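Below: the structure, in structure tokens.
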Number of protein chains: 2
Amino acid sequence: MTKENVNIYDIAKEAGVSIATVSRAMNNPEKLRKETKEKIEKAMKKLSYTPNALAQSLVSKSTRTLGVIIANINNPFYGEMVRAIEDRASDKGYTILLGNTDNKFEEEEKYIDIFLKKQVDGIIFAGGRRISEKYNRHLIKVAENIPVVLTNHILQNKNIYCVLSDEAKGTELLMNYLIEKGHREIAYINGYADSYASIIKKENYLKILSKNSIPIVDELIIDSPSDDMRGGYRACEILLERGKFTALFAANDLMAIGAIRCLTARGYNVPSDIAVAGYDDIDLCNYVSPSLTSVTQNISELGSIAVDIMTDVLECKEAGRLIFIEPKLVVRQSA
Amino acid sequence: MTKENVNIYDIAKEAGVSIATVSRAMNNPEKLRKETKEKIEKAMKKLSYTPNALAQSLVSKSTRTLGVIIANINNPFYGEMVRAIEDRASDKGYTILLGNTDNKFEEEEKYIDIFLKKQVDGIIFAGGRRISEKYNRHLIKVAENIPVVLTNHILQNKNIYCVLSDEAKGTELLMNYLIEKGHREIAYINGYADSYASIIKKENYLKILSKNSIPIVDELIIDSPSDDMRGGYRACEILLERGKFTALFAANDLMAIGAIRCLTARGYNVPSDIAVAGYDDIDLCNYVSPSLTSVTQNISELGSIAVDIMTDVLECKEAGRLIFIEPKLVVRQSA
DNA sequence: ATTTCTAATGTAAGCCCTTTCATAAATAAT
DNA sequence: ATTATTTATGAAAGGGCTTACATTAGAAAT
């Protein structure tokens with residue numbers, strides 16, 4: 001753009017060697033005589049040479065770039081996840097290409113095409129996805145070309161690998177805790193009804209109630225209009241109109257925080273009037289007031305493992321196709 | 001990796017034309033006869049061809065990729081910023097390569113090298129930076145090669161463009177508001193002491209106090225150990241030990257939220273005992289309790305404008321070198 | 001039908017590297 | 001010193017694309 005770029009020929013000329021030798025100086029320095037290597041290094045420094053990764057990748061067939069597709073980076077859950085992914089990837093010499101989809105089909109499709117064009121080595125789909133043929137087709141399409149890693153989602157297929165927290169167990173942990181605390185009217189705010197995470201949680205919410213012979217009250221179960229604070233706030237409003245409850249379980253922390261806000265705005269005390277618990281254990285749980293009881297997904301671990309799997313696959317090492325992470329209950333003030 | 005890639009030669013063969021014609025079908029379709037175009041499109045579909053962006057970029061000298069360097073994506077301020085950047089970039093056909101530096105010099109250097117190698121078309125340094133020769137050298141180095149856009153930071157130099165909120169004015173707005181409300185003992189939690197944003201804010205905090213003939217109490221001014229909630233919490237603890245105050249101004253929302261948490265934990269009521277205000281107006285301000293009075297930076301606007309400037313420069317259009325955004329006071333419950 | 005001009009297509013060079021294979025230089029062995 | 005062996009370097013092809021220039025086909029003009 002601004003400066004005419006110096007390339008490998010310029011270095012070769014300056015150092016008085018062939019371009020092959022310059023290339024070796026970068027990739028197999030041990031194959032060169034010390035003095036030639038030094039000549040080349042001096043030339044590189046003098047002309048401030050930066051190798052062109054496009055050309056390198058074109059021949060090496062590897063870009064050391066990973067695509068990351070998420071719903072929305074501006075959501076603490078995904079923020080933590082992407083941060084973890086980026087950190088680990090960077091440690092291993094990979095760079096991250098980012099795409100926000102807002103869970104929109106067309107956006108996802110667009111990013112997949114772009115990433116494939118740009119020859120990423122693999123794509124990580126980070127965070128809950130819809131369960132549908134349509135969405136799965138995306139994953140399978142990508143997996144025909146490059147490895148795919150999913151976090152918080154299951155799809156068994158060639159070239160697709162999954163890491164996820166055991167949400168059935170996590171839900172069980174949390175529900176048992178609430179019930180032990182004496183709650184029998186436990187409302188539930190569900191996330192997107194067709195996401196894997198939501199389905200599992202709802203299933204286990206119902207299961208634990210039954211196990212404890214607690215009647216299931218349909219009015220206390222609601223699908224949130226959106227899986228964020230706003231959605232949680234609104235869902236809670238509706239629940240309050242519908243019936244009475246002493247505890248509230250939201251499928252993610254953001255919705256739980258929204259619900260708390262709704263409750264305090266209406267004069268309820270959390271937890272003495274109504275206990276509230278979330279899920280995911282995002283950082284924010286520690287900083288809202290009251291601090292939020294939640295179940296940890298170990299978001300960072302999930303992210304790092306996703307990268308580890310990806311790089312293992314890329315380096316043709318063994319990699320688990322389906323890895324579960326143990327969830328843990330984190331009791332704070334809200335419940 | 002998994003599938004042997006089909007290239008432009010395969011398409012040319014399948015369609016019975018030359019590769020130049022295939023290339024034209026993608027880039028200048030209007031130059032082809034309708035039927036040839038159709039033949040080629042059919043071939044592309046049949047073989048499910050994806051052009052190789054590496055090769056394209058190698059010749060076109062443009063990757064349609066922007067590097068974004070930030071401190072930490074897992075921080076709502078940067079999260080919102082990056083989201084805005086990504087959105088606008090995506091609308092304009094650019095993809096984002098992401099790098100978290102945690103404000104570390106070496107990390108920043110590393111990402112700059114990687115981005116330059118990968119031939120990004122430009123780099124956006126999003127969010128406050130340290131003011132120092134050392135850090136500025138980074139920016140200038142990059143700007144020698146490709147355009148640089150800074151948000152919330154000023155550096156006048158060739159090929160460097162800045163967008164920022166007028167923080168002097170924002171601080172004035174806020175301080176005047178607090179003083180009007182009758183506060184005369186206003187504590188101040190500063191961010192990183194050597195960042196542009198911090199310097200301006202502190203300067204204006206002092207200025208407004210003087211203007212209103214309010215004595216400056218050194219004990220009520222503190223540099224936060226870190227510019228997040230934890231830092232704000234800790235800074236507030238120290239302030240409470242040091243002296244009395246009826247209002248607290250933190251240089252960013254996260255620190256303000258940490259401070260509120262510290263105050264409520266110690267039994268103070270916010271705002272009746274101590275009023276608290278932050279800066280930046282991140283989404284979260286609406287969802288903490290009490291909701292946080294702040295000054296909006298219009299983070300999203302900042303991000304979009306950063307991209308607009310970048311693309312204008314890349315397309316050789318006129319672009320402002322220094323753009324200020326008007327801040328606005330957003331009064332909520334905390335002050 | 002022949003020539004002229006335009007539009008469509010092809011040929012080949014070039015973008016910047018890596019890597020195989022061949023060659024030259026240095027070292028070891030005789 | 002001479003040959004065999006190892007090591008360091010160079011020449012050239014190839015990776016997948018774009019584009020300037022050359023060529024051919026088709027339309028318009030005579």
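Treat the numbers as computed from the prediction; the structure is a model and nothing was measured. Note on naming: letters A, B, ... go to the chains in the order of the sequence lines (proteins, then strands), and numbering restarts at 1 for each one.
Within the 4.0 angstrom heavy-atom criterion, base atoms lie near A:I19. Within 4.0 Å of A:S23, counting heavy atoms only, lies at least one base atom of the nucleic acid.
Put simply, chain A comes within 4.0 Å of DNA chain D, heavy atom to any atom, from D:dA8 to D:dG16, going 5' to 3'.
Axis orientation changes by 40° from one end of the helix from C:dA1-D:dT30 to C:dT30-D:dA1 to the other, with each end axis drawn from 5 pairs and the value rounded to 10°.
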For residues 23-32 of chain B, please give each side-chain donor-acceptor pair under 3.5 Å, one per line with the distance, not counting sequence neighbours.
from, atom 1, to, atom 2, distance (Å)
B:S23, OG, B:N27, ND2, 3.4
B:N27, ND2, B:S23, O, 3.2

Without placing hydrogens or testing angles, list every side-chain donor-acceptor pair under 3.5 Å for residues 147-154 of chain B, not counting sequence neighbours.
from, atom 1, to, atom 2, distance (Å)
B:T151, OG1, B:G127, N, 2.7

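A:K141 meets the side chain to side chain donor-acceptor pair (under 3.5 Å) test with A:D113; sequence neighbours excluded. Residues passing the ring pair (Phe, Tyr, Trp, His ring centres under 6.0 Å) test with B:Y135 are B:F105, sequence neighbours excluded. Residues passing the side chain to side chain contact (heavy atoms under 4.5 Å, CB included) test with B:Y9 are B:N7, B:I19, sequence neighbours excluded. For B:E86, the salt bridge (charged side-chain N to carboxylate O under 4.0 Å, His left out) test picks out no residue, with sequence neighbours left out. Judged as a ring pair (Phe, Tyr, Trp, His ring centres under 6.0 Å), and not counting sequence neighbours, the contacts of B:F115 are B:Y111. Residues satisfying the salt bridge (charged side-chain N to carboxylate O under 4.0 Å, His left out) test with B:K13, not counting sequence neighbours, are none.
Closest-nucleotide positions on DNA chain D for B:Y9 and A:Y9 were compared, and the one nearer the 5' end corresponds to A:Y9. The nearest heavy atom of DNA chain C to A:T50 and to B:A20 marks one nucleotide each, and the one closer to the 5' end goes with B:A20.
For the atom pair B:L54 CG and A:L54 CG, the distance stands at 6.0 Å (nearest 0.5 Å).
Counting only residues at least two apart or in different chains, ring-ring contact (aromatic ring centres under 6.0 Å, His included) contacts with residues 65-100 of chain B are absent.
In this structure, the CG atom of A:D10 is 13 Å from the C1' atom of C:dC17, given to the nearest Å. In this entry the distance linking CD1 of B:I8 with P of C:dT11 reads 14 Å, nearest Å. As a whole-Å value, the separation of A:I11 CD1 from C:dT18 C1' is 16 Å. The CG atom of B:N52 sits 14 Å away from the C1' atom of C:dC17 (whole-angstrom rounding).
For A:N27 and C:dT18, the shortest distance from a side-chain N or O to OP1 or OP2 is below 4.0 Å.
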Intermediate values then yes/no, side chain to side chain contact (heavy atoms under 4.5 Å, CB included), A:I140 and A:N159:
CA-CA 8 Å; A:I140 292 170; A:N159 220 11; over 6 Å; no
Identify all pairs in which a protein N or O lies below 3.5 Å from an N or O of nucleotides 6-9 of chain C, and state each distance.
from, atom 1, to, atom 2, distance (Å)
C:dT9, OP1, B:T36, OG1, 2.8
C:dT9, OP2, B:R33, N, 3.1
C:dT9, OP2, B:T36, OG1, 3.0

